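The structure under discussion appears below in the form of structure tokens.
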Amino acid sequence: QLQLVESGGGLVQPGGSLELSCAVSGFTLDYYAIGWFRQAPGKEREGVSCISSSGRTTNYADSMKGRLTIFRDGLKNTVFLQMNSLKPEDTAVYYCAAERNPHSNNCALRPHYAAWGQGTQVTVSS
């Protein structure tokens with residue numbers, strides 16, 4: 001059974017940083033692309049970053065490009081999202097998701113992923 005568990009969210013001041021973690025079980029990262037998405041109250045879920053199953057390709061949303069780094073640790077079966085220079089408009093629930101796409105260099109920021117975590121709240125406020 002595919003499971004994804006996010007952690008690392010919290011309250012941070014504008015300009016601050018957070019590192020989110022997505023611990024996966026029931027599958028290995030070599031077979032799945034992992035995406036990070038966020039949803040703010042009253043808004044649609046949007047993709048912010050993804051990493052392909054090969055680990056060679058990463059994509060970032062234009063709204064956060066330059067402020068994000070996605071990377072993974074295969075031994076820990078965990079994907080990380082480092083977020084810097086956070087803004088109040090980054091406040092949202094952040095989700096990670098998995099899509100089976102073995103040994104691929106592709107990943108997409110569309111929310112079509114099959115398995116989702118429960119989300120972690122990120123609040124950017126002074």
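These numbers come from a predicted model, not from an experiment.
By the ring pair (Phe, Tyr, Trp, His ring centres under 6.0 Å) test, F80 pairs with F71, sequence neighbours left out. K65 pairs by the side-chain hydrogen bond (donor to acceptor under 3.5 Å, both in side chains) definition with D62, not counting sequence neighbours. In this view, N59 satisfies the side-chain hydrogen bond (donor to acceptor under 3.5 Å, both in side chains) rule with no residue, not counting sequence neighbours. Partners of T28 by side-chain hydrogen bond (donor to acceptor under 3.5 Å, both in side chains), not counting sequence neighbours: none found. Remark: Y32 pairs with F27 by the ring pair (Phe, Tyr, Trp, His ring centres under 6.0 Å) rule, at least two apart or across chains. With sequence neighbours left out, the side-chain hydrogen bond (donor to acceptor under 3.5 Å, both in side chains) criterion links S7 to no other residue. With sequence neighbours left out, the side-chain contact (heavy atoms from CB on, under 4.5 Å) criterion links E46 to R38, S63. Here H103 pairs with Y31 under the ring pair (Phe, Tyr, Trp, His ring centres under 6.0 Å) rule; sequence neighbours left out.
The line from CD1 of I34 to CG of L81 is 12.5 Å long, rounded to the nearest 0.5 Å. If you take OG1 on T57 and CG on N106, they are separated by 6.5 Å, rounding to the nearest 0.5 Å. The structure places OG of S49 at 7.0 Å from CG of L109, a figure rounded to the nearest 0.5 Å. If you take CG on L18 and CE on M83, they are separated by 5.0 Å, rounding to the nearest 0.5 Å.
Residue pairs meeting the ring-ring contact (aromatic ring centres under 6.0 Å, His included) criterion with at least one partner in residues 34-57, sequence neighbours excluded, are F37-Y113, F37-W116. Residue pairs meeting the side chain to side chain donor-acceptor pair (under 3.5 Å) criterion with at least one member in residues 17-27, sequence neighbours excluded: S17-N84. Residue pairs that meet the disulfide (SG to SG under 2.5 Å) test with at least one member in residues 15-47, sequence neighbours left out, are C22-C96. Among residue pairs with one or both ends in residues 38-72, those qualifying as disulfide (SG to SG under 2.5 Å) are C50-C107; sequence neighbours excluded.
Between V122 and L20, some side-chain heavy-atom pair lies under the 4.5 Å cut-off. Looking at L29 and V24, their side chains come closer than 4.5 Å, going by heavy atoms from C-beta outward. At least one side-chain heavy atom of P88 sits under 4.5 Å from a side-chain heavy atom of P14. Under the 4.5 Å side-chain criterion, counting only non-hydrogen atoms from C-beta, T91 is in contact with Q121.
Nearest approach of R72 to D30, heavy atoms of both residues: NH2-OD1, 3.6 Å. Here the closest heavy-atom approach between residue R67 and residue L86 is recorded as NH1-CA, 3.8 Å. Closest approach of V124 and D90 over heavy atoms only: CG2-CB, 4.3 Å.
Checked by atom type and distance alone, the side chain of D73 pairs as donor or acceptor with a backbone atom of K76 at under 3.5 Å. At distances below 3.5 Å, at least one donor-acceptor pair connects side-chain atoms of E99 with backbone N or O atoms of A114. The backbone N or O of I51 lies less than 3.5 Å from no partner atom in the side chain of T58, so there is not a single donor-acceptor pair. The backbone N or O of S104 sits less than 3.5 Å from a side-chain atom of S54, completing a donor-acceptor pair. Using modelled atom types, one side-chain atom of E6 and one backbone atom of Q118 make a donor-acceptor pair closer than 3.5 Å. A donor-acceptor pair under 3.5 Å is absent between the side-chain atoms of T78 and the main chain of A23, judged by distance alone.
Residue L2 is grouped with residue V79 when hydrophobic side chains (ILVMFWY) are merged at heavy-atom distances under 4.5 angstrom, including chains of intermediate members.
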Checklist entry - Run the side chain to side chain contact (heavy atoms under 4.5 Å, CB included) check on Y95 and T120 step by step: do they pass? => result CA-CA 7 Å; Y95 301 88; T120 185; over 6 Å; no
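Side chain to side chain, S125 and T123 fail the donor-acceptor criterion of an N or O pair below 3.5 Å.
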